[in-house]
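Data first, discussion second: the structure below is written as structure tokens.
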Number of protein chains: 4
Amino acid sequence: MKARRSSTVVRKLPRQARAQATVGAILEATVQILDREGLEAATMSHIAEVAGVSVGSIYQYFSHRDAILNALQDREFERSLRLMQELLADGNLTQSARETVTAVVRGLAELYRSCPGLHRVLAIEGLRVAKADRVHAFDLRIIEIVRHFLVATSAPMRPKSVDAAAFVVVQSVRATMLACLLERPSGLDEETLIQEVVDLVLRYLVRQESPENAREAARDAEGAMPRLVK
Amino acid sequence: MKARRSSTVVRKLPRQARAQATVGAILEATVQILDREGLEAATMSHIAEVAGVSVGSIYQYFSHRDAILNALQDREFERSLRLMQELLADGNLTQSARETVTAVVRGLAELYRSCPGLHRVLAIEGLRVAKADRVHAFDLRIIEIVRHFLVATSAPMRPKSVDAAAFVVVQSVRATMLACLLERPSGLDEETLIQEVVDLVLRYLVRQESPENAREAARDAEGAMPRLVK
Amino acid sequence: MKARRSSTVVRKLPRQARAQATVGAILEATVQILDREGLEAATMSHIAEVAGVSVGSIYQYFSHRDAILNALQDREFERSLRLMQELLADGNLTQSARETVTAVVRGLAELYRSCPGLHRVLAIEGLRVAKADRVHAFDLRIIEIVRHFLVATSAPMRPKSVDAAAFVVVQSVRATMLACLLERPSGLDEETLIQEVVDLVLRYLVRQESPENAREAARDAEGAMPRLVK
Amino acid sequence: MKARRSSTVVRKLPRQARAQATVGAILEATVQILDREGLEAATMSHIAEVAGVSVGSIYQYFSHRDAILNALQDREFERSLRLMQELLADGNLTQSARETVTAVVRGLAELYRSCPGLHRVLAIEGLRVAKADRVHAFDLRIIEIVRHFLVATSAPMRPKSVDAAAFVVVQSVRATMLACLLERPSGLDEETLIQEVVDLVLRYLVRQESPENAREAARDAEGAMPRLVK
DNA sequence: GATGAATGAGCGTTCATTCAT
DNA sequence: GATGAATGAACGCTCATTCAT
């Protein structure tokens with residue numbers, strides 16, 4: 001009776017131009033709704049209305065409602081992964097650890113800032129049991145990228161367990177930056193928090209040289225990062 | 001007279017007691033359902049069934065469904081706050097920072113571990129727009145406690161902005177410990193992660209003395225924490 | 001997610017008077033709709049409307065739409081079975097075969113005539129693959145009753161295979177009488193067809209004595225059935 | 001000229017031929033779907049898919065979905081009619097009644113057996129109110145053929161009302177043979193049931209000569225049909 | 001003609017909430 | 001107060017039909 005629901009996100013590959021436009025309209029409408037009105041406003045009728053298509057058209061491309069959310073989740077997942085892959089690529093190892101970490105944190109912050117409500121919803125979805133596997137798989141990929149960087153960098157790594165370190169860092173950065181955007185803590189601007197998160201990560205990961213004070217003072221004075229690697 | 005007055009009293013007291021018991025049953029039923037079956041299983045009928053009361057009775061004590069979830073959220077909020085208030089109270093300032101932070105992280109981990117499914121749901125609820133203010137208020141209280149500790153402790157604090165530090169620390173610890181329970185990252189046991197989170201926090205917050213290496217080696221060798229404060 | 005759909009027809013046993021009335025109204029409304037408007041008119045909204053209740057109320061007593069149809073099917077199944085059990089009971093063996101068969105055929109005809117449209121729909125339902133087992137089980141019970149009679153009667157049975165005979169007779173009588181009501185074949189009144197069906201069955205089942213002609217002439221003249229059994 | 005005329009012709013003929021092929025593909029696809037998956041699987045999209053055409057093309061040849069089912073019904077109707085017309089034609093009157101009836105029953109059984117699922121669906125369709133007239137018309141034609149045979153045959157007919165007899169016989173044979181295929185009654189093979197149905201019909205229709213036993217014994221012994229006609 | 005993307009009325013079903021008993 | 005039957009708006013989803021390409 002009921003057609004099996006594969007985990008496949010897209011029901012039919014849109015081959016015509018109009019079809020492509022429709023799929024795009026559906027995804028954009030959903031992003032807008034999620035970002036502005038939240039998860040429960042994203043009913044099929046509302047999505048259809050905002051997208052300017054009929055409900056039936058949505059089902060031409062997405063087998064069920066969750067498939068739309070999955071598609072968006074995948075899209076953001078890929079964005080995050082691409083960002084980190086680029087910034088943590090082996091070719092960037094000549095940069096200082098601080099430069100690299102700052103770039104990653106800032107990049108994620110920008111990603112979230114572009115549509116905070118969407119990322120709020122995606123965070124919610126990530127907490128639902130039904131989506132656990134998807135999120136877990138994503139986390140593994142992210143952690144693997146971080147792990148690879150931690151192993152490859154010439155900065156002196158402090159933690160004994162690279163796995164644990166990657167896990168802790170990924171969760172901490174994500175949660176803090178997202179909360180920063182969603183809660184807008186009074187008195188704290190985003191830039192300050194980015195710097196704090198970068199500090200959090202660097203101090204946790206990198207074996208500090210002594211004399212510590214001198215180096216930090218230097219940074220503060222110059223506004224530039226001393227190379228942690230030679 | 002006496003008898004009547006007595007009967008009046010007991011007739012009144014049991015009513016209140018019964019009301020308390022009913023409210024308790026409703027909350028416990030909801031906790032069980034949320035923890036075991038998730039948010040969508042927590043329908044009014046199901047809660048009533050598990051609590052052993054009628055749906056109508058629930059509305060006697062909770063004006064609408066969300067009020068139950070709010071009550072549970074408040075209860076867990078209070079538990080967290082009480083935990084932190086106790087561990088970060090001024091009376092505990094003589095303990096080492098590592099001891100204190102370890103106690104807090106471990107305490108939160110225990111709180112989450114007692115019913116991870118519930119905290120998963122509460123995290124979800126906390127991300128909903130409608131609950132933003134409630135969560136924000138809670139975060140402010142938590143941060144205030146942390147902030148107070150950071151100011152009061154004799155450990156040499158490194159961050160310039162106590163507000164930012166409290167925010168970063170709270171978000172990081174919460175997210176990492178919850179993710180630890182919900183994702184069960186393979187190869188990482190809870191105790192290891194607790195230690196890593198403690199390291200994350202301490203290294204971020206406390207100005208490290210030199211020579212750093214010696215001190216860390218000492219900790220690893222003794223299995224005990226050297227006092228960071230004098 | 002989806003609650004398992006047991007084959008149970010009734011979701012909750014109605015214990016209050018109002019509940020009983022509601023269940024009755026739902027069933028009667030469905031019978032009316034099926035009888036007058038056919039299967040596809042029996043939507044949940046329409047049933048609710050005709051029954052004078054809300055859709056939600058239907059789901060209080062029937063887990064899904066098909067459960068209503070199953071309940072009606074069971075009700076008619078039981079009626080047929082009761083009818084045949086009574087007429088073919090061992091206590092009636094002293095009656096002539098013709099008397100017995102006539103009573104059964106006439107009884108079924110009356111059953112169908114009381115709401116032909118309903119039996120039309122039930123016949124449809126009986127042909128749907130999903131209901132095959134239900135109908136098969138019913139047919140087995142009916143055939144068993146007929147079979148028992150064929151073995152017990154003192155009329156001289158002709159067919160070698162009692163099983164086959166029971167099957168053939170049951171299917172033939174049912175189909176002919178139902179078609180009689182639904183097609184209203186011009187020029188044929190119900191009574192004539194009943195007599196023809198009775199003849200069909202008797203001549204098929206009972207070993208005719210010779211001289212045949214004499215006996216048939218006698219029947220025609222007298223309008224009464226000579227005992228086929230001694 | 002020649003070529004052009006020829007091309008004109010073939011351009012026209014292929015078009016018609018293609019149309020024929022398309023209609024054929026649609027009908028065959030529908031037959032397959034109905035036979036294997038049932039009525040509800042026969043959606044326009046599914047038919048189009050199996051037929052290898054587009055939904056739009058179906059509407060070129062069939063004004064609406066039901067028209068396809070009607071066409072199939074007509075096709076099967078015609079097959080049944082042709083079968084019976086051939087077997088009951090005046091030219092066959094020299095055969096014994098048993099031979100003729102056996103041929104008809106066996107022919108119908110074969111018709112049904114070639115695609116039982118399709119005939120199940122057609123039986124369902126035949127019971128729908130909207131199709132009543134179509135089925136009635138078909139039944140009238142069938143009955144007319146039977147009636148003509150009953151009048152023309154030299155076998156001694158027993159029933160007084162040829163109309164009633166034709167009706168009874170047609171309904172009984174159809175229902176029993178179809179139920180035989182759809183229910184697969186345990187312990188009864190098709191051949192046995194065919195013989196029983198033939199007996200049912202013959203004993204009902206034909207005035208039996210005495211002594212009955214002798215003749216039946218003879219049939220059983222010889223495995224051949226004694227001529228009922230002279 | 002042929003295509004298949006688009007349509008949208010209508011379906012079965014759920015569940016927070018109300019209120020007569 | 002307690003009950004639980006009744007409510008009905010709203011949901012996700014289907015599919016016969018249309019029509020721009």
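Order of the sequence lines fixes the chain letters, A, B, ..., with proteins taken first and strands second; residue numbering starts at 1 for each chain.
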Check your understanding: Can you check the B:Gln60 CD to F:dG4 P distance for me, whole Å?
Key -> 14 Å
**Study point:** 5'-to-3' dot-bracket of DNA chain F (Watson-Crick, G-U; under 3.5 angstrom; crossing pairs as [ ]; | other strand)
**Key:** .||||||||||||||||||||
Practice item. Look at the side-chain N and O atoms of C:Ser57 and state whether any lies under 4.0 Å from the OP1 or OP2 oxygen of F:dA5. Key: no
Point to revise | side-chain N/O D:Ser54 vs E:dG4 OP1/OP2, d < 4.0 Å | key: no
Check your understanding: Could you state the CZ-C1' distance from D:Phe62 to F:dA16, rounded to the nearest angstrom?
Key -> 15 Å
Point to revise | Integer-rounded Å distance: F:dC13 C1' and A:Asp66 CG | key: 14 Å
Review point. Among all residues two or more places apart in sequence or in another chain, which pass the ring pair (Phe, Tyr, Trp, His ring centres under 6.0 Å) test with D:Phe62?
Key: none
Check your understanding: Taking only residues two or more places apart in sequence, or in another chain, which ones meet A:Arg65 in a side chain to side chain contact (heavy atoms under 4.5 Å, CB included)?
Key -> A:Leu39, A:Ala42, A:Met44, A:Leu69
**Study point:** C:Val135 and C:Phe77: CA distance, side-chain angles, deciding distance, side chain to side chain contact (heavy atoms under 4.5 Å, CB included) verdict
**Key:** CA-CA 9 Å; C:Val135 175; C:Phe77 280 175; 4.3 Å; yes
Practice item. Please list all pairs passing the side chain to side chain donor-acceptor pair (under 3.5 Å) test where one or both residues lie in residues 121-134 of chain D, with sequence neighbours left out. Key: C:Glu40-D:Arg128, D:Asn70-D:Lys131, D:Asn70-D:Arg134, D:Gln73-D:Arg134, D:Asp74-D:Arg134, D:Glu125-D:Arg128, D:Glu125-D:Lys131
**Study point:** Working for side chain to side chain contact (heavy atoms under 4.5 Å, CB included), residues B:Asp35 and B:Arg120
**Key:** CA-CA 8 Å; B:Asp35 197 40; B:Arg120 181 201 294 269; over 6 Å; no
**Study point:** Rounded interatomic separation in angstrom, taking CD from A:Glu49 and P from F:dA10
**Key:** 13 Å
Practice item. Check the distance between F:dC15's C1' and D:Leu69's CG and give it to me in whole angstrom. Key: 14 Å
Exercise for review: Mind listing the residues from residues 30-47 of chain A sitting with a heavy atom below 4.0 Å of DNA chain F? Number order is fine.
Suggested key: A:Thr43, A:Met44
Review point. To the nearest Å, how far apart are C:Ile26 CD1 and F:dT7 C1'?
Key: 13 Å
Review point. What pairs with B:Glu37 under salt bridge (charged side-chain N to carboxylate O under 4.0 Å, His left out), at least two apart in sequence or on another chain?
Key: none
Check your understanding: Looking at residues at least two apart in the chain, or sitting in another chain, which of them share a ring pair (Phe, Tyr, Trp, His ring centres under 6.0 Å) with D:Tyr59?
Key -> none
Could you list the protein-to-nucleotides 18-21 of chain E atom pairs, N/O on both sides, closer than 3.5 Å?
none

Review point. Got D:Leu118 and D:Gln32 here, is their nearest side-chain heavy-atom distance under 4.5 Å?
Key: no
Study note, to complete from the structure: salt bridge (charged side-chain N to carboxylate O under 4.0 Å, His left out) filter on D:Arg36, not counting sequence neighbours, yields none
Check your understanding: Atom CD1 of A:Ile58 and atom P of F:dC11: how far apart are they, to the nearest Å?
Key -> 13 Å
Practice item. Any salt bridge (Lys or Arg N to Asp or Glu O under 4.0 Å) involving residues 22-31 of chain C? Give me the pairs, sequence neighbours left out, ordered by first then second residue. Key: C:Glu28-C:Arg75
Considering only distance and modelled atom types, tabulate donor-acceptor pairs under 3.5 Å from the side chains of residues 46-55 of chain C, sequence neighbours left out.
from    : atom 1 : to      : atom 2 : distance (Å)
C:His46 : ND1    : C:Ala41 : O      : 3.0
C:Ser54 : OG     : C:Ser57 : N      : 3.4
C:Ser54 : OG     : C:Ser57 : OG     : 3.4

Check your understanding: In terms of the nearest nucleotide of DNA chain F, which residue is placed more toward the 5' end: A:Arg65 or D:Arg65?
Key -> A:Arg65
